[in-house]
Amino acid sequence: MTTDEKHIEAQQEAKLFFSRFLLEWYHLQKRDLPWRRHRNPYYIWISEIMLQQTRVDTVIPYFNRFIEQFPTVEALADAPEEEVLKCWEGLGYYSRARNLQHAAKQVKELYGGQVPDDRDAVFSLKGVGPYTAGAILSIAFNRPEPAVDGNVMRVLSRYFRIEDDIAKGPTRVKMEKLAAELIPEGEAGSFNQALMELGALICTPKSPRCLPCPVMEHCAARLAGCETSLPVKTKAKPPRPEERLAALVEGRGEHAGRVLIRQRPASGLLARMWELPHWPAPPAEAGGARGALLPEAAALDRLRRSMSQAGILARPEGHWMAAEHTFSHIVWTLQVYRCREEAALPLAAESRAVYGAALVERGDSALGAESGAAHAGRGDSTLAAALEAQPAEDAPLALFDSGDAAADAADSGAQRWISREDMKNYAFPNVFLKLLNSYFDEQGT
DNA sequence: AAGACGGGGCA
DNA sequence: TGCCCAGTCTT
């Protein structure tokens, strides 16, 4: 027998060992999770979408609420989008929620409300890629398909000492091929979950717990002492900083006790979520330290102009607090200013057009009374009208690239005056949820 | 192939 | 506080 043949034989033995002992460990150690209590393909599907980029402990309460509110594919397909988004509030990557509902409509219309068990059909669902397709097919239908996520790539790269960069596309394909070979006959669902469970509980990114690992004896990385340097992965580039001025506008008169919020556009960052209005801060003065707080007067002036341009009748009064919001590609620093709504005064003819455009969206219709789609496509004309009607002494804001065209286009979106009670009807990103709660706490309302 | 797209846990 | 985690869609 040649050296190569011996190597192949040893490799084969390592694979058999791995599959057998991992599966045995899983049957003894698996966690009791809500989506493991039934083998309902809909539950499996929802859980897998939620588990993308999100840990199990975070997902559990969201999963339970979601299933309670949308118990079936049809319930999800027929729900108002705002309700789905509200149910996803705080979970992040909100396009997952939109895609999920789109896919529910696909399942309802194309497959009679039954999650398909066919590879091409599952893969064609919006929001379902190679990993999720494999997870649904194997866990819900016990089909021998690989389900390779970050946990699986970490486990396999260590056990087989694979040094390929897991951030590269071809590496995932290679891992899928390997993972498929490891699936024991008739055990696809349990085996794929076992692989992920090991990655989550034992073979963790930082300091893997090798001693209780069921497959440590034949782990190539452990034997070579290099388990903490695997997997190889190119690191992401740091998020770019972005300074923004936000307005917490306190209502007066009929809006007393309420604050102004607006809805973001239908696409892009935080699509269709609600927020406090905010705009790019002007670049800091030359000589000033990067990220330095803008002089109060300059910030107040800037905010006054931004609000005026957005058709918000309010006067900035002073700095309230700062908040930070980190995305994977941007870091927002929000300087929040308290502002007071101004009573509408008799308007010059040319100013009326500015305010009129924004007032169209005002009102207090209940959740679901309108969809963001109703506003799509209106933005340009409204903004153009506002710019054109800008009074001469209040020159249009200098243009500079804020990097968030979506947020800046939100000037033409829907606005609402809300109390703390009304917050339950709108979906907010976490940073605004925290700001609004702080504000209402301070007010004692 | 690279960038867009949130939020939380850990040392 | 800074570092790490990572599926799918879009360009």
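Lettering of chains follows the sequences in order, A, B, ..., and the numbering in each one begins at 1. Hydrogens, waters and symmetry mates are skipped; everything else that's a heavy atom, side chains included, is used.
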Touch class at under 4.0 angstrom, heavy-atom based, for A:G90 against every strand present: sugar-phosphate

Sugar-phosphate only, base, or nothing, as touched by A:S328 at under 4.0 Å among non-hydrogen atoms: base

Interface with DNA chain B, restricted to residues 124-141 of chain A and to heavy atoms under 4.0 Å: none

Phosphate-side-chain proximity, A:Y93 and B:dA4, N/O vs OP1/OP2 below 4.0 Å: no

Atom-pair distance (CD on A:E324; C1' on C:dG2), nearest Å: 12 Å

Spacing between A:K235 atom NZ and C:dC5 atom P, to the nearest angstrom: 11 Å

Inter-nucleotide C1' distance (C:dA6, B:dA4), Å rounded: 13 Å

Nearest-nucleotide comparison on DNA chain B, the residue closer to the 5′ end among A:L91 and A:G169: A:G169

Whole-Å gap separating C1' (B:dG9) and CG (A:L201): 15 Å

Cation-pi, A:W279 ring and A:R262 (6.0 angstrom, 45 degrees): yes

Sugar-phosphate, base or nothing in reach of A:R172, heavy atoms under 4.0 Å: nothing

Ring geometry between A:F17 and A:F21 (parallel below 30°, tilted from 30 to 60°, perpendicular above 60°): tilted

Those residues of residues 40-66 of chain A lying under 4.0 Å from DNA chain C by at least one heavy atom: A:Q52, A:Q53

Pair A:E197 + A:K30, salt bridge at N-O below 4.0 Å: no

Whole-Å distance separating the CE atom of A:M273 from the C1' atom of B:dA4: 16 Å

Between A:Q106 and A:Y111: side-chain donor-acceptor atoms closer than 3.5 Å: no

Separation between the C1' atoms of B:dC5 and C:dC5, rounded to whole Å: 15 Å

Charged N-O contact under 4.0 Å between A:D32 and A:R37: yes

Any donor-acceptor N or O pair under 3.5 Å, side chains A:E442, A:W320: yes

A:F428 vs A:K237, nearer the 5' end of DNA chain B by closest nucleotide: A:K237

Distance in angstrom units between A:H102 NE2 and C:dC9 P, rounded: 10 Å

Phosphate-side-chain proximity, A:H325 and B:dG7, N/O vs OP1/OP2 below 4.0 Å: yes

Minimum-distance nucleotide (side-chain atoms of A:H329 versus C:dC4, C:dA6, B:dC5): B:dC5

Closest nucleotide among B:dG7, C:dC9, B:dA1 to the A:N99 side chain: C:dC9

Whether A:Y426 and A:W274 hold their rings parallel, tilted or perpendicular, with breakpoints at 30° and 60°: perpendicular

Interatomic distance, A:D149 CG vs C:dC5 P [rounded to whole Å]: 13 Å

Side-chain donor-acceptor contact under 3.5 Å, A:D422 with A:S419: yes

5′-ward residue of the pair A:F123/A:P205 relative to DNA chain C: A:P205

Atom pair distance, as rounded to whole Å: CZ in A:R264 and C1' in B:dG6: 12 Å

Under-4.0 Å salt bridge between A:E83 and A:K86: no

Quiz item: cation-pi between A:R65 and A:Y62, 6.0 Å / 45°: yes

Proximal nucleotide (of C:dA6, C:dC4, B:dG7) relative to the A:K206 side chain: C:dC4

A:R96 CZ to C:dG7 P, straight-line distance once rounded to whole Å: 11 Å

Parallel, tilted or perpendicular, as decided by the 30° and 60° cut-offs, for the rings of A:H325 and A:W332: tilted

Span that lies between the P atom of C:dC4 and that of B:dG6, in whole angstrom: 22 Å

